[in-house]
Enquirer: 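This is the structure I have questions about; it appears just below.
Every chain is numbered from 1, with letters handed out A, B, ... down the list of sequences.
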Number of protein chains: 2
Amino acid sequence: MAFSDLSRPELGLGPVPKATLRAHIAERLRAAILAGDIAPGAPLTETALSTRFNVSRGPLREAMRQLIEEGLLVTVPYTGTHVAALSVEDVREIYSLRTALEIFAFEQVWEHRDDRFRLELHRRNEALLASIDAGDDRTSIGAELALHGLVFEASGHKLLQRAWHGLRGRLQLYWAAHHRAHGMRGPRRDSHDSYIKAALGSDLDALRLEIADHMRRGAVVTEKFVSGESRKGDKT
Amino acid sequence: MAFSDLSRPELGLGPVPKATLRAHIAERLRAAILAGDIAPGAPLTETALSTRFNVSRGPLREAMRQLIEEGLLVTVPYTGTHVAALSVEDVREIYSLRTALEIFAFEQVWEHRDDRFRLELHRRNEALLASIDAGDDRTSIGAELALHGLVFEASGHKLLQRAWHGLRGRLQLYWAAHHRAHGMRGPRRDSHDSYIKAALGSDLDALRLEIADHMRRGAVVTEKFVSGESRKGDKT
DNA sequence: TTATGCCAAATTGTCAACAATCGACGATCA
DNA sequence: TGATCGTCGATTGTTGACAATTTGGCATAA
């Protein structure tokens, strides 16, 4: 009958995500932080936020826990919570680990790169170029993350995707702070040409070098300024 | 005066860890799961646990969230929570990502391997050998994790350590389940000889191969049995 | 017999009040 | 004047009660 293949994944008929309050709160709070509506270092009190969102402190706390886990917030027991401020060293770590993970992701995908993968890579690059041309920095940050995220999605490696998500939030936090402090990040239009070429090529070692180089170029701004010095002794 | 050097780190006079209830609960619950006192797939109800630990559901929930984050628990809203059951694919992912991370860790440490590092590596291997001779599987699991954990600690790379912790919990869960199902894991006494030799050698490429091989040997048991098939559609 | 609708028990989600802790300010005393 | 100690306001930690949701079984009707 017509429903014999209801389980086809491409129809998007998987489980509907349950919407709990904490999920919504986490989403909005994350967006607010990454948009820079709340500056790094700014204190976030549970009571203030709970009234602002018009929810009780319970779900709010759980949402904050999640953002803490993602590296966006820092809390010290009985004292307070504030938006994470990345140190220069933190940014270095983000980029170095990111290099390792992205190379690993390509190793996983390498033999399985099909037309769909190639097409999607080009598509996301087009989207990035369009957002750059439009001068919309916020969108172009998302577009660049989407571009680099493709290989992680394509890997089908759930743990790897998880690690990437953990990194992505921190990266976004850094880019957002950097953008606020220096205006346009100003990625050149051709910044990903060699990356894509290597990603679709046949020389895995060349891609390894290209990724390492790509990250190095991205991380140099590190030295100029980051969102602030991280405080010492912060811990969950 | 006598207290002039109170800040000497070797005295262990650093900040006392704040003890919040959720931290204690998380610790004990984690221990109970990894010890196998609660079998994979077994349901964990908040009310039951809260009475068992004699705390309210608030801190208990937060502790459970943390274990969910660590991959030890799985929950579906409004329905229930159970101990995670790893699939064969999950175990494969754990080992493959672990390989990549451990190699990356060694790359970070490589130029900074000093006598202290070498000594500690030998010390932890001795501890592993002792626990194997003693036939104490539980201790030897901890000893093996400690041995492999050294390079992550030595790297000084906080994000990397974080990723390792995320992996370690899942690995421990797998080992514990495997041990319960098959008795002794039975690592041979010499299982880490070549690993340590390569780790202290001068050929980084050789170490890369050795780690990949070491993980392959560790992951073969995967095919025989894991703690159970994971359910589909589980998500936080 | 099969499908449908409904009910009830169990479980998690949410809330508002209370307790514990921290950091800073100011009083107190040498 | 300087340091020390107590106090106070603010913030997070914890609790117990209540609400929302899900699941499975059962009655019912086609």
Enquirer: What are the two closest non-hydrogen atoms of B/Leu173 and B/Gly71, and how far apart are they?
Expert: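 Closest approach of B/Leu173 to B/Gly71, heavy atoms only: CD2-O, 4.0 Å.
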Enquirer: Check the side chains of A/Ser131 and A/Ser140 for a donor-acceptor pair under 3.5 angstrom, ignoring hydrogens and angles.
Expert: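 No pair is found: no donor N or O on one side chain lies under 3.5 Å from an acceptor on the other.
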Enquirer: What integer distance in Å separates B/Phe53:CZ from D/dT15:C1'?
Expert: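 B/Phe53 atom CZ is separated from D/dT15 atom C1' by 17 Å.
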Enquirer: With a non-hydrogen cut-off below 4.0 angstrom, is A/Pro59 in contact with a base, only sugar-phosphate, or nothing?
Expert: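 Sugar-phosphate only.
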Enquirer: Tell me whether A/Arg124 is salt-bridged to A/Glu120, with the criterion being a basic N under 4.0 Å from an acidic carboxylate O.
Expert: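 Salt bridge flag = yes for A/Glu120 with A/Arg124.
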Enquirer: Rounded to whole angstrom units, what separation is found between the CG atom of B/Leu60 and the P atom of D/dG13?
Expert: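 Rounded to the whole Å, the gap is 16 Å.
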Enquirer: Rounding to a whole Å, what distance do you find between B/Leu73:CG and C/dT12:P?
Expert: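 Result: 11 Å.
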Enquirer: Rounded to the nearest Å, what distance is computed from the CG atom of residue B/Leu21 to the P atom of nucleotide C/dA20?
Expert: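 B/Leu21 atom CG is separated from C/dA20 atom P by 12 Å.
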Enquirer: Table please: side-chain donor-acceptor pairs of residues 25-43 of chain A below 3.5 Å, with sequence neighbours left out.
Expert:
unit_1, atom_1, unit_2, atom_2, d
A/Arg30, NE, A/Glu70, OE1, 2.9
A/Arg30, NH2, A/Glu70, OE2, 2.9

Enquirer: Is a salt bridge present between A/Glu69 and B/Arg162, judged by a nitrogen-to-oxygen distance below 4.0 Å?
Expert: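 Here A/Glu69 pairs with B/Arg162 in a salt bridge, since their nearest N and O are under 4.0 Å apart.
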Enquirer: Are there any protein N/O atoms within less than 3.5 Å of an N/O atom in nucleotides 10-12 of chain D, and if so, which ones and at what distance?
Expert:
unit_1, atom_1, unit_2, atom_2, d
D/dT12, OP1, A/Leu44, O, 3.2
D/dT12, OP2, A/Glu46, N, 3.0
D/dT12, O3', A/Tyr78, N, 3.3

Enquirer: Looking at A/Glu62 and A/Arg65, is any side-chain nitrogen of the basic one under 4.0 Å from a carboxylate oxygen of the acidic one?
Expert: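 A/Glu62 and A/Arg65: not salt-bridged.
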Enquirer: Quickly work out the B/Ile25 CD1 to D/dT14 P distance and round it to whole Å.
Expert: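 B/Ile25 atom CD1 is separated from D/dT14 atom P by 7 Å.
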